[in-house]
Amino acid sequence: QLLKSRELLSTYRRMPARRPPDLSPGILSDTVLRLFPFENIDQTSVLQLVSYEDRNYYFVGTLQGQPTTDEFVFKISNASACLDLIEGQNDVMNYLKERGIPCSYPLASRQRDYCIVVSSSDLQFISDSAFSCCIRVFPFLQGNLLNSVKVTEQLLRCVGRFVGTLDNAFEVSDFFSADLGL
């Protein structure tokens, strides 16, 4: 099983980078409202975030049954990159969330899925070739990207403590050993 995981990672590294389409605020809003349990989306809040191979959009919306609006991230990935890797990311984030470790995590869709695969035509995107995209929505986490923060001894200690927390969370579990046959 460990070999399979390494093969998946090496396959992911070899995949040609093809970024998902740019979405207008209207298409993003329509897509989120159709697929996720939101009552409304403020289209004026939609902002594309910095990303590498994926496309990430910030937006403000109201989840069904919630009295207030909140901030979210709409993430659209090229589904051919490696669905197993995307599902693994979801599993790890949900595992950490369940243990009270602050991290981003995927919201369930209307069909209770954490990742929805759609075609480029489902997104009303005109392309010279059809391809699949994986869509996820996450609560937005305030903060600074680590690469934009001045490196200090205090920062390194904070990062070290957090990595230690992650290590402890996985050490006391069978999260990885079950999947890897350890």
Side-chain angles (χ1 to χ4, degrees), residues 8-9 12 15 17-127 130-148 162 166 169-170 175 179:
L8 286 173
L9 185 57
Y12 177 72
M15 296 298 290
R18 178 170 184 180
R19 292 192 74 183
D22 273 325
L23 300 179
S24 70
I27 290 174
L28 183 141
S29 178
D30 291 346
T31 302
V32 170
L33 290 170
R34 182 170 37 98
L35 299 174
F36 292 88
F38 281 85
E39 289 182 5
N40 64 46
I41 304 288
D42 177 2
Q43 288 187 25
T44 64
S45 71
V46 174
L47 173 69
Q48 187 167 346
L49 302 173
V50 175
S51 60
Y52 180 63
E53 289 181 354
D54 299 335
R55 295 226 190 247
N56 299 309
Y57 296 88
Y58 166 90
F59 70 93
V60 173
T62 307
L63 282 168
Q64 289 178 344
Q66 298 296 317
T68 59
T69 61
D70 213 341
E71 300 170 294
F72 299 91
V73 173
F74 176 88
K75 185 176 197 70
I76 179 169
S77 306
N78 183 344
S80 67
C82 186
L83 278 177
D84 287 339
L85 180 63
I86 291 169
E87 290 171 358
Q89 291 171 349
N90 291 342
D91 290 344
V92 168
M93 289 183 281
N94 283 326
Y95 178 86
L96 295 173
K97 176 187 166 234
E98 290 168 5
R99 278 143 190 84
I101 297 174
C103 68
S104 191
Y105 57 91
L107 298 176
S109 71
R110 293 186 185 277
Q111 285 72 42
R112 311 297 298 155
D113 296 317
Y114 293 114
C115 175
I116 300 174
V117 178
V118 298
S119 71
S120 54
S121 61
D122 290 333
L123 296 172
Q124 304 165 10
F125 175 73
I126 307 303
S127 174
F131 62 96
S132 297
C133 301
C134 174
I135 294 174
R136 297 181 285 175
V137 173
F138 303 89
F140 178 77
L141 294 179
Q142 289 289 341
N144 297 319
L145 296 175
L146 192 56
N147 69 351
S148 67
F162 185 71
L166 295 177
F170 288 116
F175 182 83
D179 286 343

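These numbers come from the heavy atoms of this one structure, side chains and all, not from hydrogens, waters or symmetry mates. These numbers come from a predicted model, not from an experiment.
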Could you state the interatomic distance from [atom1] ([X]) to [atom2] ([Y]), rounded to the nearest 0.5 Å?
X: I101; Y: F170; atom1: CD1; atom2: CZ; value: 7.0 Å
X: Q43; Y: D30; atom1: CD; atom2: CG; value: 6.5 Å
X: E87; Y: C134; atom1: CD; atom2: SG; value: 8.0 Å
X: R136; Y: Y114; atom1: CZ; atom2: OH; value: 12.5 Å
X: T69; Y: N40; atom1: OG1; atom2: CG; value: 8.0 Å
X: L28; Y: I135; atom1: CG; atom2: CD1; value: 8.5 Å

Looking only at heavy atoms, what is the nearest atom pair of [X] and [Y], with distance?
X: P37; Y: A108; answer: CD-O, 3.4 Å
X: L141; Y: S104; answer: CD1-N, 3.3 Å
X: S148; Y: N144; answer: OG-CB, 4.0 Å
X: M93; Y: F138; answer: CE-CE2, 3.6 Å
X: F36; Y: L107; answer: CE2-O, 3.7 Å
X: Q64; Y: R110; answer: NE2-NH1, 3.0 Å

Would V60 and Y58 count as a side chain to side chain contact (heavy atoms under 4.5 Å, CB included) if you check the C-alpha gap in whole Å, the side-chain angles of each, and the deciding distance to 0.1 Å?
CA-CA 7 Å; V60 173; Y58 166 90; 3.4 Å; yes
Pick one: which of V50, I76, L49 meets side-chain contact (heavy atoms from CB on, under 4.5 Å) with N56?
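Passing option: L49.
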Ring pair (Phe, Tyr, Trp, His ring centres under 6.0 Å) with Y105: which residues, sequence neighbours excluded?
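None.
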pair L166-L96: side-chain heavy atoms closer than 4.5 Å:
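Counting from C-beta outward, L166 and L96 do come under 4.5 Å.
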Taking the side chain as every heavy atom from C-beta outward, state whether L35 and V118 have any pair of such atoms under 4.5 Å apart.
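With C-beta onward as the side chain, the pair touches.
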If only atom types and distance count, is the side chain of N94 paired as donor or acceptor with the main-chain N or O of N90 below 3.5 Å?
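Between the backbone of N90 and the side chain of N94 there is a qualifying donor-acceptor contact (under 3.5 Å).
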Is the backbone of T44 close enough, under 3.5 Å, to the side chain of D42 for a donor and an acceptor to pair up by distance?
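Present.
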Once you measure the plane-to-plane angle for F59 and F72, does it fall in the parallel (<30°), tilted (30-60°) or perpendicular (>60°) bin?
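F59 and F72: parallel rings.
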